[in-house]
Amino acid sequence: MGALDQLLVVQDHDTRADQLRHQRDHLPELEQARTETAAIAAIDAERTRLGVELDGIRSAERRLEDEATMVQEKAAGVERRLYDGSVVAHKELEDLQADHRMLTTRQAQLEDQAIELMEQAEPLQTELDGLDERRATHQASLDGLHAVIEAACADLDARIAVELSARDAAVVDVDPAVLRDYDSLRTRLGGVGAARLDGRRCEGCHLEIPPGELDQVRKAPEDATVFCPQCGRILVR
Ligand SMILES: [Zn+2]
C-alpha cells in the first residue's frame with residue numbers, strides 16, 4: 001500500500017456520502033409531493049373562485065327572500081284592513097284589493113327569482129363538493145408521501161453519518177497538506193480529488209497520460225504528491 005492509498009479510502013467514503021446526499025435530495029417522492037402540492041394549490045384557487053361566485057348568488061337570493069317577506073307582510077296588512085270592517089267606502093275597498101293583488105304578484109315574482117338563483121347555486125355547490133373531495137384525495141396522498149420522505153431521509157442521513165465517521169477515522173493517516181489539496185480539488189472537480197493511476201490511465205478523468213508525462217509521474221519519489229497532467233487530480237500510484 002502506497003502512502004496515498006489511505007487518501008483513496010477517504011475518497012471512497014466522500015463519494016459514497018455524496019451519492020447518499022444526492023439520493024436524499026432527489027427522492028422520487030419529492031417530485032411527486034411537489035406535483036401533489038401544485039394540484040392542491042390549483043384546486044384551492046378554483047375553490048376560492050367558486051366560493052366567491054356562490055357567495056354572490058346566495059346573498060342575492062337572501063336579499064330577494066327578505067324583500068319577498070317584506071312584501072308579504074305589507075299584503076297581510078292590506079288584507080287585514082280589507083276584512084276588519086274599518087274601510088267601508090266601495091272605492092277605497094277596490095283600491096285596497098288592487099294593492100293586495102299587486103303585492104301578492106310582486107311577492108310571487110320575488111320568490112320565483114329567489115328559486116332561480118337557488119337553482120343556479122346548486123351545480124356550483126356540487127362542483128365545490130367535488131373539489132373538496134379531490135382536494136382530500138390529494139392531501140391524503142401528500143401526507144403519505146411526506147411520511148415516506150421522512151423515513152427515507154432518516155435512513156439516508158444515518159448512512160451518511162456512518163460514511164462520515166468512517167472518513168474521520170481514515171483521514172488521520174493522511175498528510176494534512178495532501179488533505180488540503182484533496183479537499184480543494186474535490187470541491188472544484190465534481191467531488192473527486194484523488195484518483196488511482198491504472199496503467200497509463202487516470203481513473204479521475206479516464207484519460208491516458210501521454211508517455212513523457214507518465215514517465216515523470218512514475219519517476220517521482222514514492223512519498224511525493226503527483227497530479228494528473230490532464231485533470232489535475234492527485235494521482236495515487
Ligand atoms: Zn486525470
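The first residue in the sequence is number 1, and the count goes up from there. We count ligands from 1, going down the list as the structure has it; atoms in each ligand are counted the same way. The model shown is predicted, which means the values in this text are computed figures rather than measured ones.
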Do [X] and [Y] get their side chains close enough for a donor-acceptor pair, meaning under 3.5 Å?
{"X": "Gln19", "Y": "Thr15", "answer": "no"}
{"X": "Arg201", "Y": "Gln230", "answer": "no"}
{"X": "Glu150", "Y": "His146", "answer": "no"}

### Protein N, O or S atoms lying under 2.8 Å from the Zn ion (ligand 1), listed by chain and number
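Sorted hits: Cys202 SG, Cys205 SG, Cys228 SG, Cys231 SG.
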Cut-off 3.5 Å, no hydrogens considered: what does the side-chain donor-acceptor table look like for residues 109-116, sequence neighbours left out?
residue, atom, partner, partner atom, Å
Gln109, OE1, Arg106, NH1, 3.3
Glu111, OE2, Gln107, NE2, 3.0

### Members besides Val217 in its Ile/Leu/Val/Met/Phe/Trp/Tyr cluster (side-chain heavy atoms under 4.5 Å)
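Joined to Val217, directly or through intermediates: Leu197, Ile209, Leu214, Val226, Leu235.
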Hey, can you pull the donor-acceptor pairs under 3.5 Å for the side chains in residues 80-89, sequence neighbours left out?
residue, atom, partner, partner atom, Å
Asp84, OD1, Ser86, N, 2.9
Asp84, OD1, Ser86, OG, 2.7

